[in-house]
**Q** 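Here it is, the structure, as structure tokens.
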Amino acid sequence: MTALIAADGLQVRAEWRLLVDVPALEVAPGEVLVILGPTGAGKSTLLQALGLLRKPSAGCIRWLGEALPWPAPLAARRRMAMVFQDPLLFGGTVRENVTYGLRLRGLPGPEIAERAGSVMAMLHIDHLADRTAATLSGGEAQRTALARALAVAPDLLLLDEPLANLDAPIRERLVPDLKAALRALKLTCVFVTHHQREALALADRIAVLHQGRLEQVDAPGTVFRRPATPFVARFVGTPNLWPGRIVGRNGALAEVAVAGLHLFAVSALPVGAEVQACLRPEAVALGTATGPNSWEATVGAVQDQGSTLRFHLDGPLPLKALGLPSDPRLQGLAPGQRITVTIAPEHLHLIAEGAAQAAPSLDPAVQSANSEG
């Protein structure tokens, strides 16, 4: 499948600074690609380049395989719509804002009314249609900005942290509505955020950007459970990261020496490879010994987080783990007590030292899922 839009050898500079350096990045028709990274990673700069708002210093943007000139023709820009962090609304009503792009395109009145009404209903602002923009709350204003972009049914929707300035409860209500609208309209979307829960909720694939460079482009579960680099592991909240070395193999299992322990992990890396072993805190089994990766640890601290308990464990490896308050093995567990720790080999992920991943072409499974709507 030909990518709808792609960056090819893309670099963006500001005077002497290299802001973005992306050898290859593709977005399939119907795909939601989330660009995830910390503040200052270059996410908005990359989005502006994809949206034909910022001139590449090198490389090009391709649309359906064809390189776009600079400045890009108006016809190409009109196939895109962008929503920014701050909702940019006109002084009229919600309905006038939502229908603006449709009126600009000269659509007939009945079609304008139908399309505007549909997207306002999707985003639950149809009851606000006659309210003026100045009277809207932050969440209502951002829903209006999103509805205006969705109404024109763009071939590509670009969203630059559109939920960042909203309070957490409003953001959590808006995310599922946005996801449902994107799916219902079968839109191709590039969504920039530093918020990991938004990325998990919305993305078909996640591109992790760090200092202007892509660290990993993969399905959300792969990025979070099998990070390609130590930076990605830390950024997606993997607190357990230890240096080690592969010292043996047993079929599909690699034996890795970590802080005096010999652990087993499902990995194809060769004997002798220097690695970073990483482990999600929720993947730690507490209170059972069911495999080769088991040892005794001392509870250093317990944090009650409501739905989960967070444990800081001392022992051969400093370890952070999550458990459920309803687990009888964990009830009453206090600092200084001993507990068995077990790690399933398939949950211990090994990253080769110096690992770096170039952005891959579109994954066939993603292409298939997108082609099926």
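If you're wondering where the values come from, they're calculated on a predicted model, not measured in any experiment.
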**Q** Taking all atoms of both residues into account, what is the closest heavy-atom pair of Met80 and Leu50, and its distance?
**A**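 Looking at all heavy atoms of both residues, the closest pair is CE-O, 3.6 Å.
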**Q** Please check if atom CD in Glu66 has more than 12 non-hydrogen atoms from other residues, nucleotides or ligands closer than 6.0 Å.
**A**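 12 or below, so no.
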**Q** Answer yes or no for Arg213 and Phe231: cation-pi contact, defined as NZ/CZ to six-membered ring centre under 6.0 Å and angle to ring axis within 45°.
**A** no
**Q** Which heavy atom of Leu200 sits nearest to which heavy atom of Pro220, and what is that distance?
**A**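 Here Leu200 and Pro220 meet closest at CD2-CB, 3.8 Å.
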**Q** Check Leu348 against Ala277 and note the closest heavy-atom contact, atom names and distance.
**A**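 In this case the closest contact between Leu348 and Ala277 is CD1-CB, 4.1 Å.
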**Q** Between Glu26 and Arg62, is any pair of side-chain heavy atoms under 4.5 Å apart?
**A** no
**Q** Any donor-acceptor pair under 3.5 Å linking the side chain of Arg226 with the backbone of Thr222?
**A** no
**Q** Taking 4.0 angstrom as the limit, do Arg143 and Asp177 come out as a salt bridge?
**A**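 Between Asp177 and Arg143 there is a salt bridge, with a charged N closer than 4.0 Å to a carboxylate O.
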**Q** For the side-chain contact (heavy atoms from CB on, under 4.5 Å) test, which of Ile339, Leu330, Val341 pairs with Phe311?
**A** Leu330
**Q** Less than 4.5 Å apart, side chain to side chain, heavy atoms only: is that true for Glu172 and Arg197?
**A** yes
**Q** Report yes if some heavy atom in the side chain of Val98 is under 4.5 Å from a heavy atom in the side chain of Thr144; otherwise report no.
**A** yes
**Q** Under 3.5 Å, is there a donor-acceptor pair between the side chain of Ser118 and the main chain of Glu114?
**A**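 Absent.
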**Q** Under 3.5 Å, is there a donor-acceptor pair between the side chain of Gln142 and the main chain of Gln85?
**A**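 At least one qualifying donor-acceptor pair exists.
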**Q** Leu350, Leu279: one ILVMFWY side-chain cluster at the under-4.5 Å cut-off?
**A**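 Same cluster: Leu350 reaches Leu279 through Ile, Leu, Val, Met, Phe, Trp or Tyr contacts under 4.5 Å.
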**Q** First locate atom OG1 of Thr238, then atom CZ of Arg280, and finally report the distance between them rounded to the nearest 0.5 Å.
**A** 4.0 Å
**Q** Taking the side chain from His262 and the backbone from Glu255, do they hold a donor-acceptor pair closer than 3.5 Å?
**A**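 Absent.
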**Q** Going through the distances and angles, do Val32 and Arg183 end up as a side-chain contact (heavy atoms from CB on, under 4.5 Å)?
**A** CA-CA 9 Å; Val32 177; Arg183 296 294 186 259; 3.2 Å; yes
**Q** Do Leu89 and Leu136 have side chains that approach each other closer than 4.5 Å (heavy atoms only, starting at C-beta)?
**A**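 The answer is yes; the side chains approach within 4.5 Å.
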**Q** Measure the shortest side-chain to side-chain distance between Leu178 and Phe191 over non-hydrogen atoms and say whether it is less than 4.5 angstrom.
**A** yes
**Q** Do the charged groups of Asp167 and Arg173 touch, with an N to O distance under 4.0 Å?
**A**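 Answer for the salt bridge query: no.
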**Q** Let me confirm one number: the CG-CD distance from Leu209 to Glu215, rounded to the nearest 0.5 Å.
**A** 8.5 Å
**Q** Let me see the working for Leu241 and Arg234 under side-chain contact (heavy atoms from CB on, under 4.5 Å), right down to the final yes or no.
**A** CA-CA 8 Å; Leu241 195 65; Arg234 289 188 292 268; 3.5 Å; yes
**Q** Please confirm whether the backbone N or O of Ser44 pairs with a side-chain atom of Glu161, one donor and one acceptor, at under 3.5 Å?
**A**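 Checked: no pair found.
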**Q** So does Cys60 get a backbone contact from the side chain of Asp8, meaning a donor-acceptor N/O pair under 3.5 Å?
**A** no
**Q** Look only at the side chain of Arg77 and the backbone of Leu53, and say whether a donor-acceptor pair between them is shorter than 3.5 Å.
**A** no
**Q** If you count every heavy atom of other residues, nucleotides or ligands that lies below 6.0 Å from Arg17 atom CZ, does the total exceed 12?
**A** no
**Q** For a quick test of reading the model, state the closest non-hydrogen atom pair linking Ala199 to Val34 and the distance between them.
**A** CB-CG1, 3.7 Å
**Q** Does the Gln216 side chain pair with the main chain of Ala228, one donor and one acceptor, at a distance under 3.5 Å?
**A** yes
**Q** Taking the side chain as every heavy atom from C-beta outward, state whether Val190 and Leu156 have any pair of such atoms under 4.5 Å apart.
**A**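 Heavy-atom side-chain distance check passes, below 4.5 Å.
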**Q** Any chance you could measure Trp63, atom CH2, to Thr2, atom OG1, to the nearest 0.5 Å?
**A** 13.0 Å
**Q** Hey, does Leu253 have a side-chain heavy atom less than 4.5 Å from the side chain of Val266?
**A** yes
**Q** Apply side-chain contact (heavy atoms from CB on, under 4.5 Å) to the pair Leu10 and Leu46, showing each step before the final yes or no.
**A** CA-CA 9 Å; Leu10 180 70; Leu46 175 56; 3.6 Å; yes
**Q** Treating Arg205 as the side-chain partner and Glu31 as the backbone partner, does any N or O pair qualify as donor plus acceptor under 3.5 Å?
**A** no
**Q** Strictly distance-based, threshold 3.5 Å: is any side-chain N or O of Arg245 a donor or acceptor partner for the main-chain N or O of Ala257?
**A** no
**Q** Let's go through Val271 and Val247 carefully: what are the C-alpha distance in whole Å and the side-chain angles of both, what is the deciding distance for side-chain contact (heavy atoms from CB on, under 4.5 Å) to 0.1 Å, and is it a yes or a no?
**A** CA-CA 5 Å; Val271 173; Val247 295; 5.7 Å; no
**Q** Can you check side-chain hydrogen bond (donor to acceptor under 3.5 Å, both in side chains) on Thr340 and Glu296, steps first, answer last?
**A** CA-CA 5 Å; Thr340 302; Glu296 289 287 317; 2.7 Å; yes
**Q** Using every non-hydrogen atom in the two residues, find where Arg171 and Ala164 come nearest and quote the distance to one decimal.
**A** NH1-O, 4.2 Å
**Q** Within this structure, what is the CG-CZ distance for the pair Asp314 and Arg338, rounded to the nearest 0.5 Å?
**A** 9.5 Å
**Q** Can you find a pair of side-chain heavy atoms, one from Leu163 and one from Thr193, that are under 4.5 Å apart?
**A**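 In short, these two side chains do not touch, never coming nearer than 4.5 Å.
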**Q** Kindly give the heavy-atom pair with the smallest separation between Val302 and Val299, and that separation in Å.
**A** CG2-CG1, 3.6 Å
